[in-house]
Amino acid sequence: MAKSRKVIITCAVTGAIHTPSMSPYLPVTPDEIRDAALGAAEAGAAIVHLHARDPQNGKPTQDPDEFRKFLPAIKAKSNVVINLTTGGAPTMGVEERLQPALQLKPEVASLNMGSMNFGLYEMLGRFKDFKYDWEKPYLAESDDRIFRNTFKDIAYILESCSANQTRFEIECYDIGHLYTAAHFIDRGLIKPPFLIQSVFGLRGGIGNDVEDVMHMKRTADRLFGEDYFWSVLGAGRGQIPIATMSAAMGGHTRVGLEDSLWDGPGHLAKSNADQVKRIRTVIEALSLEVATPDDAREMLKLKGGNNVAF
């Protein structure tokens, strides 16, 4: 693993997991997503990971025109690295999910490394009242939903975006996903340095025990050597503990309302910036530095914020 005293904070500001009724602070409209991204950047995030939502009902959308409603304003007001999802939502097909990254050519895009069960249905035990008719079925039907990311799908996304010089944030929800990443590296479709992000605590993926974190890192070290940067995200209550482990082990971190709605037990986070500030405090308490956007660009060999299509 490539090591640095500078820790990259990524902030995932809205995602496609949580629904609008779960928190009044979840960004939904283009203005809310813009302001959340800018606030996270000001708080210390070097990278913002972005999804879009239908502003009328908060439903996840991969319509590039919805992304165009906030991307230019973020770029105009901040130097932050913009990372667009190719995951979209588990209900979407690969062609739909690909479009924002394909058309808008960001510096970074996320890419999931395997098909998996992606259970959100347990949230129905915590949230009962929903404002929009899509929310409850979206959660309830996830017990019979597969988040499709076949080898063919992954290759299609990598090949489609190869001319864009977009660096992929390789999302690994389980140990086998690391081996899938290694397979595509061997095929020459993923180039170093590799940004490997381990995801912990989602139903269907690896857990969030300390041993799970160690197992992920040991395996990635063996597969990728010094050619990769390791970042982690912990879902829900695991967010800050797992981010802390990563920072202490020489890795990088992701926070944000996509991954957790909380800012402590029983307390909803009022902004993405609050979560960035919390992990920034941890990083600095470890006598480490928070990476700037340009630090992240240098470390990850990104193409630069002016070489995008928005």
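What you see below is based on every heavy atom in this structure, not just the backbone, and it leaves out hydrogens, waters and symmetry mates.
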**Request:** Using ring-ring contact (aromatic ring centres under 6.0 Å, His included) as the criterion, list what pairs up with Phe168, not counting sequence neighbours.
**Result:** none
**Polar contact flag, side-chain donor to acceptor under 3.5 angstrom, Tyr25-Asn272** = no
**Message:** Please determine whether the number of non-hydrogen atoms from other residues, nucleotides or ligands lying under 6.0 Å from atom CD of Gln165 exceeds 12.
**Reply:** no
**Item:** Considering all heavy atoms, the nearest Phe310-Leu104 contact
**Value:** CD2-O, 3.4 Å
**Item:** CZ-CD distance between Arg254 and Gln275, expressed to the nearest 0.5 angstrom
**Value:** 11.0 Å
**Message:** Between Arg203 and Asn117 (side chain of the first, backbone of the second, donor and acceptor by atom type, cut-off under 3.5 Å), is there such a pair?
**Reply:** no
**Prompt:** Can you tell me how far the CG atom of Leu178 sits from the SG atom of Cys172, to the nearest 0.5 Å?
**Reply:** 4.5 Å
**Item:** Electrostatic pair Asp31:Arg34 at N-O distance under 4.0 angstrom
**Value:** yes
**Message:** If the condition is salt bridge (charged side-chain N to carboxylate O under 4.0 Å, His left out), which residues does Arg237 pass it with, not counting sequence neighbours?
**Reply:** none
**Request:** Give a yes or no on whether Glu122 atom CD has more than 12 heavy-atom contacts from other residues, nucleotides or ligands under 6.0 Å away.
**Result:** yes
**Item:** Distance-only polar pair, side chains of Asn149 and Arg97, donor-acceptor under 3.5 Å
**Value:** yes
**Message:** In terms of relative ring orientation, are Phe151 and His183 parallel, tilted or perpendicular, with 30° and 60° separating the classes?
**Reply:** perpendicular
**Request:** Tell me, please, which residues at least two apart from His215 pass ring-ring contact (aromatic ring centres under 6.0 Å, His included).
**Result:** none
**Prompt:** Tyr156 and Glu95: side-chain donor and acceptor closer than 3.5 Å?
**Reply:** yes
**Request:** Using the rule that two of Ile, Leu, Val, Met, Phe, Trp, Tyr join whenever any of their side-chain heavy atoms come within less than 4.5 Å, decide whether Leu268 and Ile279 are in one cluster.
**Result:** no
**Asked** Are Tyr228 and Met214 in one and the same hydrophobic cluster, where Ile, Leu, Val, Met, Phe, Trp and Tyr link if side-chain heavy atoms are under 4.5 Å apart?
**Response** yes
**Request:** Would you check, one step at a time, whether the test side chain to side chain contact (heavy atoms under 4.5 Å, CB included) holds for Leu120 with Ile17?
**Result:** CA-CA 7 Å; Leu120 306 177; Ile17 291 175; 3.7 Å; yes
**Fill in**
Closest heavy-atom pair, Thr166 versus Pro106, reported as atoms and distance to 0.1 Å, is OG1-O, 2.7 Å
**Item:** Thr29 side chain to Glu32 backbone, donor-acceptor under 3.5 Å
**Value:** yes
**Asked** Should Arg218 and Asp221 be marked as a salt bridge (Lys or Arg N to Asp or Glu O under 4.0 Å) after you check the CA-CA gap, both sets of side-chain angles, and the distance that decides it?
**Response** CA-CA 5 Å; Arg218 283 193 297 262; Asp221 283 347; over 6 Å; no
**Request:** Could you please spell out the steps behind the side chain to side chain contact (heavy atoms under 4.5 Å, CB included) verdict for Phe229 and Ile196?
**Result:** CA-CA 6 Å; Phe229 291 86; Ile196 304 292; over 6 Å; no
**Where Pro193 and Lys301 come nearest, the two heavy atoms and their spacing** = CD-CD, 3.8 Å
**Prompt:** Do the charged groups of Asp263 and Lys270 touch, with an N to O distance under 4.0 Å?
**Reply:** no
**Message:** Quick check for you: to the nearest 0.5 Å, what is the distance between Gln99 atom CD and Met92 atom CE?
**Reply:** 12.0 Å
**Prompt:** Crowded around Asp144 CG? As in, over 12 foreign heavy atoms under 6.0 Å?
**Reply:** no
**Message:** For Phe67, give me all partners under ring-ring contact (aromatic ring centres under 6.0 Å, His included), at least two apart in sequence or on another chain.
**Reply:** Phe70
**Complete:** In short, Leu50 meets Ala37 closest at the heavy-atom pair CD2-CB, 4.2 Å
**Prompt:** Does one side chain, of Trp230 or Ser246, offer a donor that lies under 3.5 Å from an acceptor on the other?
**Reply:** no
**Asked** In terms of heavy-atom contacts, does NZ of Lys59 have more than 12 from other residues, nucleotides or ligands at under 6.0 Å?
**Response** no
**Prompt:** Roughly how far, to the nearest 0.5 Å, is the OG1 atom of Thr14 from the CD1 atom of Ile33?
**Reply:** 5.0 Å
**Between CD on residue Gln62 and CG on residue Leu98, distance to nearest 0.5 Å** = 9.5 Å
**Prompt:** Do other residues, nucleotides or ligands put more than 12 heavy atoms under 6.0 Å from Leu286 CG?
**Reply:** yes
**Message:** Go through it in stages, so that I can follow the logic: the residues are Glu159 and Leu189, the test is side chain to side chain contact (heavy atoms under 4.5 Å, CB included), and I'd like the CA-CA distance, side-chain angles, deciding distance and then a yes or no.
**Reply:** CA-CA 7 Å; Glu159 290 166 349; Leu189 292 178; 3.9 Å; yes
**Asked** Around atom CD of Glu298, are there more than 12 heavy atoms of other residues, nucleotides or ligands at under 6.0 Å?
**Response** no
Which donor-acceptor pairs under 3.5 Å do side chains of residues 80-88 form with protein atoms, sequence neighbours excluded?
unit_1: Asn83; atom_1: OD1; unit_2: His49; atom_2: ND1; d: 3.1
unit_1: Asn83; atom_1: OD1; unit_2: Ser110; atom_2: N; d: 3.4
unit_1: Asn83; atom_1: ND2; unit_2: Glu169; atom_2: OE1; d: 3.3
unit_1: Asn83; atom_1: ND2; unit_2: Glu169; atom_2: OE2; d: 3.4
unit_1: Thr85; atom_1: OG1; unit_2: Gly87; atom_2: N; d: 2.8
unit_1: Thr85; atom_1: OG1; unit_2: Gly88; atom_2: N; d: 2.9
unit_1: Thr86; atom_1: OG1; unit_2: Ser110; atom_2: O; d: 2.5

**Message:** Donor-acceptor pair, distance only, cut-off 3.5 Å: does the side chain of Arg167 make one with the backbone of Arg297?
**Reply:** no
**Exercise: identify the closest heavy-atom pair between Pro90 and Tyr138** = CD-OH, 3.8 Å
**Prompt:** Between the side chains of Glu135 and Thr19, does any donor sit under 3.5 Å from an acceptor?
**Reply:** yes
**Request:** Assess whether atom NZ of Lys303 is packed by more than 12 heavy atoms of other residues, nucleotides or ligands within 6.0 Å.
**Result:** yes
**Request:** Apply side chain to side chain contact (heavy atoms under 4.5 Å, CB included) to Arg53 and Leu26, showing your working.
**Result:** CA-CA 11 Å; Arg53 291 177 180 263; Leu26 184 70; 3.8 Å; yes
**Asked** Do Thr61 and Glu66 get their side chains close enough for a donor-acceptor pair, meaning under 3.5 Å?
**Response** no
**Request:** Measure across Ala46 and Ile8 and return the closest heavy-atom pair with its distance rounded to 0.1 Å.
**Result:** CB-CG2, 4.2 Å
**Prompt:** Linking I/L/V/M/F/W/Y whenever any side-chain heavy atoms sit under 4.5 Å apart, do Val282 and Val232 land together?
**Reply:** no
**Prompt:** Mind checking what makes ring-ring contact (aromatic ring centres under 6.0 Å, His included) contact with Phe147, not counting sequence neighbours?
**Reply:** Phe118
**Request:** Please check if Leu261 and Leu139 belong to a single hydrophobic cluster, counting links between Ile, Leu, Val, Met, Phe, Trp and Tyr side chain heavy atoms closer than 4.5 Å.
**Result:** yes
**Asked** Are there more than 12 heavy atoms of other residues, nucleotides or ligands under 6.0 Å from atom NZ of Lys105?
**Response** no
